[in-house]
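Letters go in sequence order (proteins before strands), and every chain restarts at 1.
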2 protein chains.
Amino acid sequence: MCGRPRRVTATDVAKATGVSRATVGFVLNNTPGQSITAATRAKVLAAAERLGYTPYAPARALRSGRTSIVVMLLSQLPGGPVVNAVTEHLTALLAEDGLTLLVHMHPGRDEPVSALWGVVTPAAVIAFDRAWDEELAPLRRAGIPVVTPFVDPPDDLDGAVPVMMQRIGRLQVDHLVLAGHTRLGFALPDDPRLAPMAGDRLEGARFACAELGLDLPQVATVPLEVAAAAEAVAGWRAGPAPVTAVCAYNDEVAIAVLSGAHRLGVAVPGELAVIGVDDVPLAAAVSPPLTTIATHPATLSRYLYEALAAALADGPVPHRPATEMLAVTVRGSV
Amino acid sequence: MCGRPRRVTATDVAKATGVSRATVGFVLNNTPGQSITAATRAKVLAAAERLGYTPYAPARALRSGRTSIVVMLLSQLPGGPVVNAVTEHLTALLAEDGLTLLVHMHPGRDEPVSALWGVVTPAAVIAFDRAWDEELAPLRRAGIPVVTPFVDPPDDLDGAVPVMMQRIGRLQVDHLVLAGHTRLGFALPDDPRLAPMAGDRLEGARFACAELGLDLPQVATVPLEVAAAAEAVAGWRAGPAPVTAVCAYNDEVAIAVLSGAHRLGVAVPGELAVIGVDDVPLAAAVSPPLTTIATHPATLSRYLYEALAAALADGPVPHRPATEMLAVTVRGSV
DNA sequence: TTGTAGGCGTTATCAT
DNA sequence: ATGATAACGCCTACAA
């Protein structure tokens, strides 16, 4: 056992079998148009197996000029069950095409995203944060497709995510108004990192209220803590014209609102209706079950996959309206 | 605009500035022991910036024989908030050492994990599933350290994760018994993929009950759905000697139990105590706030980081008792 | 049917 | 102080 064990290379396999490196390459890649003796092929495969040969990624990439890596770039913000589900779906979809999905969570503002390209060279990138658009421009120029979710239409590089987020807020308001509510509240998350996304959703809710001739929603920050949530609920219920329905930033915040209401003895949905976003597994498990905007991870994943596949084939990115990914899941809280 | 844009290489930068490739290399890598004119240095940097030069990862890796990539391998199972938190912490810790964390979710049993090494060559691997130990052996042989969480002691390759999982179940029972309970229930998750881990935790709870001379916990599967959860609670409360306290597989399941109890009008913790696992953010936000076993992602992350750093430096892997990562967070549900 | 040779971009060594 | 050169492991056109 030497201190620094060396990799097993194709040359080692060739030496072990007594054939040339080229032959080894043909066998291992199943190169068509080459006729290799069954015996030789078997010997090579056996030796490769025995020695524990693995193709060496950097050499392969250097030679071919491309990799089969797709990097999914996350900021610290999302990290929720929706992103997890997308990761799972997308990994499977890409694997069918021989592509490998690797997720990188960007640590923060101090280090530029571009440092990543000195470490991995992806065939394509999925960016979950539009803040990187500028940093990603060199990549695009180098011919590496960058796909962003929620882009609708696909070439609208300004404000696509905000539009999608606003649509969520709008959908919440529409559903509450349809249920007969006119005085709405909006529950913001406590985590400052979620502020941009929360702001967009709130904006959508505001627009919807304005269009419908309602008062703007009464905004409160709802920490994930019962007592604080109860305070927020008390705030909404106070005064002569109390809020009767709340749009929550997401299902977590919605569940906090539910708990706050429960603690105060405020009936849901009788005295206060609540609508969330995400449709997390827990949404069906709380009491009352949570009505929420489902973002349908499977549809989002498939859209990302199709956009990616098209971009890698130099084809036009398919148009998939964002509305397809959103639907109200009606349960008991509205 | 050509159809296939080419990368900008160091040679391009050299040509643009009129110096040799080597000089470019010295400047870009800040190679010590070389004296480069300030003017030359500035010219090179300016050209690199202007052309949008990025070092090419595969070539760099091929030349240097190593990468700064750490791959974290996940099976589809965990994916919860704890793993997310660990990802976030670990990414930051590794970034300080110039290492990049990439997360790969293994799609399934059809494709072997080893296929990954033809795509990325990591400097080290973090494996969250002991099922891969055998497939990871070739990596270890190639000198690439493989680190696994929950291994205690570090060299105990058999049953370390089960032991950690069992410890969790044991802690739950201990806490409930300390609070005066003697007839316990155990709430299993519905998702079959969680069965192995759930089985281990249940096993730990069983051992603890046996040691304490109690009846074995009454097991029920609790889907994430109020009505079904209520049924499970009803089952525990039925009969002459009803269960008075429930160990839930995790916080999600615990919250479902809470909801089921709420629907039936069963008081928590008065008539039924509940204890979860994970200490997710929502645990403090439900009513009553959830008492739970916190797995402390920050501690786990630091342990993984230290183990990784030690392994990469060829040093001994530090011993960190698993118990340090577990603590009861007492809130209102017990 | 199999072997030979050249090159991908980077960097370390050696020579100027 | 700067330039030439070789080598990393793999792939493949071409030669034998």
Side-chain angles (χ1 to χ4, degrees), chain A residues 4-45 47-48 51-68 117-121 123 142-143, chain B residues 4-44 47-48 51-68 117-121 123 142-144:
Chain A
R4 288 277 179 207
R6 251 181 29 77
R7 312 187 39 87
V8 180
T9 76
T11 311
D12 296 330
V13 177
K15 271 192 294 211
T17 40
V19 301
S20 78
R21 296 178 224 128
T23 309
V24 172
F26 291 146
V27 171
L28 266 56
N29 299 310
N30 278 322
T31 311
Q34 301 285 339
S35 29
I36 309 272
T37 323
T40 310
R41 168 179 297 273
K43 256 200 312 192
V44 169
L45 289 175
L51 297 176
Y53 168 79
T54 326
Y56 188 51
R60 185 196 278 260
L62 180 58
R63 168 67 194 160
S64 69
R66 65 211 158 79
T67 66
S68 55
W117 316 136
V119 178
V120 258
T121 303
Chain B
R4 289 277 179 208
R6 251 181 28 76
R7 319 187 32 91
V8 179
T9 76
T11 312
D12 297 329
V13 177
K15 270 192 294 209
T17 41
V19 302
S20 77
R21 293 178 229 136
T23 309
V24 172
F26 290 144
V27 171
L28 268 62
N29 299 310
N30 278 323
T31 311
Q34 299 289 337
S35 31
I36 309 272
T37 321
T40 309
R41 169 180 295 272
K43 256 200 311 188
V44 170
L51 299 175
Y53 169 78
T54 325
Y56 188 50
R60 185 195 279 259
L62 178 58
R63 172 60 198 166
S64 69
R66 65 210 157 80
T67 67
S68 55
W117 316 138
V119 178
V120 260
T121 305
I144 297 177

### Message
Measure OH/Y53(A) against P/dG9(D) and give the value in whole Å, please.
### Response
11 Å
### Message
Please check this pair: side chain of T17(B) against backbone of V44(B), looking for a donor-acceptor N/O pair closer than 3.5 Å.
### Response
no
### Task
Taking all non-hydrogen atoms of both residues into account, name the closest pair between V19(A) and T23(A) and its distance.
CG2-CB, 4.0 Å
#### Entry: Proximal nucleotide (of dT2(D), dG9(D), dT4(C)) relative to the T23(B) side chain
dT2(D)
### Query
Which angle, rounded to 10°, do you find between the first-five-pair axis and the last-five-pair axis of the helix from dT1(C)-dA16(D) to dT16(C)-dA1(D)?
50°
### Nearest-angstrom distance from the residue atom NZ of K15(B) to C1' of dG3(D)
16 Å
### Message
Both R21(B) and A57(A) contact DNA chain D. Taking the nearest nucleotide for each, which residue is further toward the 5' end?
### Response
R21(B)
Any protein N or O atoms within reach of nucleotides 14-16 of chain D? Criterion: under 3.5 Å, listing atom names and distances.
none

### Task
Could you tell me whether the phosphate oxygens of dT2(C), OP1 or OP2, come under 4.0 Å of any side-chain nitrogen or oxygen in T40(A)?
yes
### Query
Using a cut-off of 4.0 Å on non-hydrogen atoms, how would the nucleic acid contact of A10(A) be classed: base, sugar-phosphate, or nothing?
sugar-phosphate
### Message
Nearest to the A59(B) side chain among dC10(D), dG9(C), dG3(C), which nucleotide is it?
### Response
dG9(C)
### Query
T54(A) and G118(B): which non-hydrogen atoms are nearest, and at how many Å?
CG2-N, 4.4 Å
### Polar pair under 3.5 Å, donor/acceptor by atom type, side chain R63(B), base dA7(D)
yes
### Task
Before giving the answer on side chain to side chain contact (heavy atoms under 4.5 Å, CB included), spell out for Y53(A) and L28(A) the whole-Å C-alpha distance, their side-chain angles and the decisive distance to 0.1 Å.
CA-CA 10 Å; Y53(A) 168 79; L28(A) 266 56; 3.0 Å; yes
## Note on the structure
Residue set satisfying side-chain contact (heavy atoms from CB on, under 4.5 Å) with R21(A), at least two apart, ordered chain then number -> T11(A), A14(A)
### Query
For dT2(C), does either OP1 or OP2 sit under 4.0 Å from a side-chain N or O belonging to T37(A)?
yes
#### Entry: Minimum-distance nucleotide (side-chain atoms of Y56(B) versus dG3(C), dT1(C), dG9(C))
dG9(C)
### Task
Give the rounded distance in Å between these two atoms: CZ of R66(A) and P of dG9(C).
15 Å
### Message
By nearest atom, which of the nucleotides dG9(D), dT2(C), dG3(C) is closest to the L62(B) side chain?
### Response
dG9(D)
### Query
Nearest-Å distance, CH2 (W117(A)) to P (dT10(C))?
17 Å
#### Entry: Whole-Å gap separating P (dT12(D)) and CG (N29(A))
7 Å
#### Entry: A61(B) backbone acceptor or donor facing T67(B) side chain under 3.5 Å
no
### Query
Does CZ belonging to R41(A) count more than 12 external heavy atoms closer than 6.0 Å?
yes
### Query
Between T9(A) and K15(A), does a side chain to side chain contact (heavy atoms under 4.5 Å, CB included) hold up when you go through it step by step?
CA-CA 10 Å; T9(A) 76; K15(A) 271 192 294 211; over 6 Å; no
### Task
Taking all heavy atoms of L62(B) and all of A59(A), pick out the closest pair and write down the distance.
CD1-CB, 3.8 Å
